[in-house]
Amino acid sequence: MTTDAVSTFEDSLAALEVDSVRTSADGFEDALSETVVEPAVGAPLPFDDLTLDGTTVETDPSPADLDAARTGVTAARMAIADTGSIAIRSTAAFDEPISLFAERHVAVLDADDVVEDVAAAFDQLGPWLADDRASAIVATGPSATADMGELVLGAHGPREVCVVIVDR
Amino acid sequence: MSADRDATAAHIRRLLRDEGPAVSENAGGFNRKRRAAVADLDDYDELTREARAIKEDAIERLPELLSELEASVEANGGTLYVADDAADANAYVADLVGADDTVVKSKSMTTEELDLNDALEDVGAEVFETDLGEFVIQVADESPSHIVGPAMHRSEEWIADLFAEEFEDRFDGDPPRTAQELTQFAREYLGEQIREADVGITGANFLIAESGTMALVTNEGNARKCAVTPDTHVAVTGVEKILPTVSDLRPFAELIARSATGQTLPGYLSLLTPPVETPTIDFEGDAVGSDDREFHLVLIDNGRLAMREDDDLRETLYCIRCGACANVCANFQQVGGHAFGGETYSGGIATGWETGVHGIDSAAEFNDLCTGCTRCIDACPVNIDIPRINTVVRDRINRGADPDGFDFLVEGLTPDNEPGGLPLDKRLFGNIETLARAGSALAPVSNWLADSRAVRFVLDRAVGIDRRRDLPTFQRRTLRAWAADREGLNSSETDREAVLYPDVYTNHVNVERGKAAVRTLEALGVAVTVPDVGESGRAPLSQGMVETARSNARSTADVLLDHVDAGRDVVVIEPSDLAAFRRDYADLLATDEDADRLAANSYDVLEYVYGLLENGAESAVLSGADDADGIAYHGHCQARTLGVDRYATAVLERLDYDVLTSTVECCGMAGSFGYKSAYYELSVAVGEDLVAEFTTDDATGRTVVASGTSCLDQLDELLHRDPVHPIELIAPTRAE
């Protein structure tokens, strides 16, 4: 996607109090290690030149690992520039719970997967849901609640979200 | 009747005190955020039209979409069950749950409608609400006070006290106090339940027929955990939630969180096509890997298919349950959902839901709290005419009322088309024109009587007109009589002619503003006629007297359309009458063509003045500001919904006035509402928010201006600053 869309996306994330770092594929491992708070669990990344192998992130976690993790690392398969949203696809490798249970979620995003707006996002969601019969979460900002009298981040899901945007 | 009114007033007084402050902060806050989020969206109106059209089509094609959805869900490996009613749904779900099972639930108003938790507890299961608001009311054993924020009537401090007492054993003398600490506790406590749960129950905000996908709109993340952690996922929702395709979801995705909480998108828009690919997680056995997931989609009819056949209630099925109608409601903001009655749903669109799913008795209780201000129509992302639903239900309640012994007599004597058993206050306010005619004919004696303490006592006890309100002062000489005796601008001297609609209040009570309107229009080159025409139908409609409203509307339209045919524009002073012509007549008149023609040719008086000035009329003939006179202007609720309040501001600014505009949704008087003794204190509480805006340092020295009779009465009573209609301010100074 255009540089414009990525910088709009970064601005939208900042407005949601979501951190982001931008890196080349070569710098990915360093960037990741700076964002991960250990212990960390993760789902294998679907990008052929990016991997969690060789990092401190446990990619085959047991339920106890998941429960104890302070960071969950997953791919974001799409992002929406206008709203600062990321889309997580459910997989057999636990992308969904890994992005949800730990207090910190680190999402790894290919800069080319940033779309401009919600309408463009639906152009992709259509085939994911209707053709692949997949499941996906469009997450916008950290988990939040106002039910206890005022706004609190980290209700049932992550209190902190960080997006690692990779130019591949 | 008088005892009922006292009980209602006492109930409202208690809620104003106990629940009002938290509701006011939360609902008011959501409303402000919604307005900002909606203003931020360039194509908001287009999206609402698109969303509306999709819902209309989906409800029309519901049987066909239901089969398509069933095929999709089954092809994916799930099961779809359509339950006729609550008992049927509860039995089906209870059958999926074992006696010692732990059930975790995310927020679902539909399961509240079914009382599903009770049914599951009856078979021995332990049920935990995991949405933090639902958790609070489950622990407190209360009912939801809001469709989106079920515990919005409770403050941080109240919840802290509740938890300290209920979970004393867990705190070791140091219970959580802040929202942050309370949330952390709830997350951990409910996290334990989720980890060991056997069954997860969620609702569903939307269902996609083509793919079998369900959309869940949440911020906390609990629905995701409930759906994915246990082996069995049961989704329970209304049969009306089906959309044809994924792309049909798009406008709703853009609208729902904006309308509910002012967010651009919800924290989590979960698009689950169950059974999901995520394997189950057994925290207790520390094992993963089972992909043997069970998914049941339980769709509830429970009256919805009958609503689909009901021309007046069908619109309710388009509701996406965002709660904007409750948040925007001035009365709701003061007292919250517990004042509005209803078994499950309360406030705003709830009248439609309660009538459809629980029956009219459940809807009847506090239906009167809708004042017909119409602000909710503007707030609704699918443009549902909620006041119309409330009026229809009010009419059904009136007609279903048990006739008393003397009513055949009353029925013969009152000039309306309503049944016996209609409460006296409704009959009185619905027939306000009859009263006003007598009032003017008998003035000033009628006004002396109205000031008499004995008369006020009787009116209060027998009819429910609160003694604390000033009654209108009827003028002996009506606007029509004044205009008939007068030599005005002749139509031969000008090429523009208008009729000024003499609404009941302008004709009999606030005659001066009518005179000011005539003099203003003539000064701008318009020949004005004040026609002999009756009440518009707005007054009986507000009391749910639909047949009387229909008959008044027909007579009024016949007179006014003759003038339209003769090339005259219809100019209206009272915004609620303009709302009748532009909006309500589409329902009240038998012919759409007549309604369209009257709507197209009627104007708010300041809208008309604005148009004349834009077309070259000379503003110098009007009374402009001296040294930037300050104005504090409150736009009438219905004028704002029609979008005509802005013309008053524009004209005043053009005449160099410095205008400060109120932001509250309504003044609280709302026609007859503020006169009723059961609601007097609520009406004043709403009005106090407006007073607060007009008594700031900047506002205190300004002239108070408002366009509706009700607003002027309320402001006069609460502020004592002699409020005026904008037309009186700008009218040319009299030559005589």
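Numbered from 1 within each chain, the chains take letters A, B, ... in sequence-line order.
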d(B:Leu207 CG, B:Leu249 CG) to nearest 0.5 Å is 10.5 Å
The interface call for B:Ile159 against chain A, heavy-atom contacts under 4.5 Å, is side chain
Point to revise | Heavy-atom neighbours of A:Asp49 CG exceed 12 at 6.0 Å | key: yes
On a heavy-atom basis, the closest approach of A:Val18 and A:Val163 is CG1-CG2, 4.1 Å
Pair count under 4.5 Å, heavy atoms only, with chain A: among B:Arg154, B:Glu188, B:Met152, B:Arg224, highest is B:Arg224
Ranking B:Asn219, B:Thr218, B:Leu132 by heavy-atom pairs under 4.5 Å to chain A gives rank one to B:Leu132
Pair count under 4.5 Å, heavy atoms only, with chain A: among B:Gly267, B:Gly133, B:Gly221, highest is B:Gly267
Rounded to the nearest 0.5 Å, the CG atom of A:Leu125 sits from the CE atom of A:Met78 at a distance of 4.0 Å
If one checks every heavy atom of A:Leu16 against chain B at 4.5 Å, the contacting part turns out to be neither
Highest number of heavy-atom pairs under 4.5 Å with chain A among B:Thr178, B:Thr130, B:Val136, B:Thr245 belongs to B:Thr130
For this session: Look at the aromatic rings of B:Phe283 and A:Phe101 and report parallel, tilted or perpendicular, splitting at 30° and 60°.
Result: tilted
Most heavy-atom pairs under 4.5 Å with chain B, out of A:Gly149, A:Ala119, A:Gly126, belong to A:Ala119
Honestly, the part of A:Leu66 sitting under 4.5 Å from a heavy atom of chain B is side chain
Among B:Leu190, B:Thr229, B:Leu272, the residue with the most heavy-atom pairs under 4.5 Å to chain A is B:Leu272
If one checks every heavy atom of A:Ser85 against chain B at 4.5 Å, the contacting part turns out to be side chain
query = Salt bridge check: are B:Glu157 and B:Arg177 linked by an N-O gap of less than 4.0 Å?
reply = no
Per-residue tally against chain A (heavy atom, under 4.5 Å) across B:Leu269, B:Leu216, B:Leu271 peaks at B:Leu271
